[in-house]
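Notes for the one structure printed next.
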Amino acid sequence: NTSISLSADIDFGGAQLGPIGNATTSFSGTFDGGKHVISNVKILGTVDDDNMGFIGYGSATSKLSNLILSGITVNGGFKVGGAAGYTEGTIERVAVQGTSLVESKLNSGGTNVGGIAGQLYKPGVIDQCKVGDSVIVRDTQANASYIGGIAGQVNGINGTPGEFATVQNSYSQASVTSGAGTVGGIVGYLNHGKILGSYFAGVSNHSGGNASEGGILGSYANLTAMTD
């Protein structure tokens, strides 16, 4: 398992990088940002590129912590997030801020887009994370999507008892928008998961269709717990 620690801020000056980890070779180690800033980086994909984020695909043992992502642009197809496209691991004390854009470029089919994670899957945890007020989280289609200020989808389905995905002690001030998707200020869609001690102070909107919109949660199937 790889262990990475930052010792200084890094400004990439608009350079394009690829995500860390993918569905074939997931990131299973630790990345400790040491409270440093990674800024002005682009992680760009096409409609065919899934799991797009600073971490592309994180396993259950992965941990991303103590990092500020500022002025980033992340896009792709299915599962797009500022800090992680898809993760089963832990993301804690991570901020996405500055003039940043996190979006899916899919023009048909569903997608998961979140300011921190596109999809958080059991037993993953997002803790003490924040998304700033100059961050835009969106899709670009008029179709079924889950868009959230923190996570697009939080999913513990098929998990054993007590094994859920959790967002806690986090907040978003982002602009969260969708053509016709389900929009939540914190989580777009939740199934067998928890939202604890988190709040939204941004703007959310979907422009058409029959999808739902909520200040904290767009929609859910099995809500294990939600507290303020």
Side-chain angles (χ1 to χ4, degrees), residues 1-4 19-33 43 50-67 69 74 76 78-96 102 104 110-131 137 146-172 182 184-198 216-227:
N1 293 344
T2 301
S3 179
I4 302 168
I20 300 172
N22 55 51
T24 302
T25 307
S26 64
F27 178 69
S28 58
T30 61
F31 191 113
D32 187 340
I43 302 170
D50 299 336
N51 308 311
M52 296 297 290
F54 182 74
I55 301 294
Y57 193 109
S59 74
T61 62
S62 68
K63 183 176 182 180
L64 176 65
S65 63
N66 305 314
L67 180 64
L69 297 167
V74 184
F78 183 53
K79 289 177 283 191
V80 181
Y86 171 93
T87 186
E88 301 169 9
T90 299
I91 302 175
E92 65 180 16
R93 296 184 296 276
V94 172
V96 176
V102 182
S104 169
T111 186
N112 300 317
V113 186
I116 296 294
Q119 183 174 0
L120 178 70
Y121 192 75
K122 68 175 183 71
V125 176
I126 293 175
D127 185 24
Q128 301 174 68
C129 292
K130 61 182 180 180
V131 179
V137 182
Y146 298 125
I147 316 296
I150 295 292
Q153 183 171 167
V154 173
N155 202 323
I157 194 169
N158 298 326
T160 56
E163 190 173 277
F164 307 104
T166 304
V167 175
Q168 61 189 21
N169 308 317
S170 299
Y171 70 90
S172 175
T182 297
I186 297 298
V187 174
Y189 174 79
L190 182 145
N191 188 11
H192 290 290
K194 302 177 183 181
I195 302 173
L196 307 174
S198 300
I216 296 293
L217 179 60
S219 67
Y220 66 94
N222 295 279
L223 180 61
T224 304
M226 186 164 71
T227 65

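Not measured: the values here are computed from a predicted model. The residues of the chain are indexed from 1 along the displayed sequence.
- Val154 approaches Val167 most closely through the heavy-atom pair CG2-CG2, 3.9 Å.
- Under the ring pair (Phe, Tyr, Trp, His ring centres under 6.0 Å) criterion, Phe31 pairs with Phe54, sequence neighbours left out.
- Atoms OG and CG, on Ser3 and Asp32 in that order, are 8.0 Å from each other to the nearest 0.5 Å.
- In this structure the side chain of Ile91 reaches within 4.5 angstrom of the side chain of Cys129, judged on heavy atoms.
- The shortest heavy-atom contact between Val94 and Asn66 is CG2-N, 4.3 Å.
- When all heavy atoms of Pro19 and Gly53 are compared, the pair lying nearest together is CB-O, 3.1 Å.
- Pairing each heavy atom of Gly33 with each of Leu67, the nearest pair is CA-CD1, 4.1 Å.
- A search for side-chain contact (heavy atoms from CB on, under 4.5 Å) contacts involving Asp50 returns Phe78, not counting sequence neighbours.
- Residues Thr90 and Asp127 have side chains not in contact (no heavy-atom distance under 4.5 Å, counting atoms from C-beta outward).
- Contacts of Asn22 classified as side chain to side chain donor-acceptor pair (under 3.5 Å), with partners at least two apart in sequence or in another chain: none.
- Evaluated for a side chain to side chain contact (heavy atoms under 4.5 Å, CB included) with Ile116, the options Leu64, Val131, Val102 yield exactly one hit, Val131.
- Phe164 does not carry Lys194 over the face of its six-membered ring by the limits of under 6.0 Å from the centre and within 45° of the normal.
- Residues passing the side chain to side chain donor-acceptor pair (under 3.5 Å) test with Gln128: none are found, sequence neighbours excluded.
- Closest non-hydrogen pair, Met52 versus Ile43, comes out as CE-CG2, 3.8 Å.
- Interatomic distance, CD1 of Ile20 versus CD1 of Ile4, reported as 5.5 Å (0.5 Å rounding).
- Residues that satisfy the side-chain contact (heavy atoms from CB on, under 4.5 Å) test with Ser62, not counting sequence neighbours, are Phe27, Ser59, Thr87.
- Residues forming a ring pair (Phe, Tyr, Trp, His ring centres under 6.0 Å) with Tyr189 (at least two apart in sequence, or on another chain): Tyr146.
- Of all heavy-atom pairs spanning Ile195 and Ser198, the tightest one is CG2-CB, 4.1 Å.
- Partners of Lys63 under the salt bridge (Lys or Arg N to Asp or Glu O under 4.0 Å) rule, at least two apart in sequence or in another chain, are Glu92.
- Without hydrogens or angle criteria, Ser172 side chain to Ile186 main chain gives no donor-acceptor distance under 3.5 Å.
- Remark: Ser65 pairs with no residue by the side chain to side chain donor-acceptor pair (under 3.5 Å) rule, at least two apart or across chains.
- Within the 4.5 Å cutoff, the side chain of Tyr121 has no heavy atoms near those of the Gln153 side chain.
- From Lys122, atom NZ reaches atom CG of Asn191 across 12.0 Å, with rounding to the nearest 0.5 Å.
- Once rounded to the nearest 0.5 Å, the distance linking OH of Tyr171 with CD1 of Ile150 reads 9.5 Å.
- Applying the side chain to side chain donor-acceptor pair (under 3.5 Å) rule to Ser219 yields no partners; only residues at least two apart in sequence or on another chain are considered.
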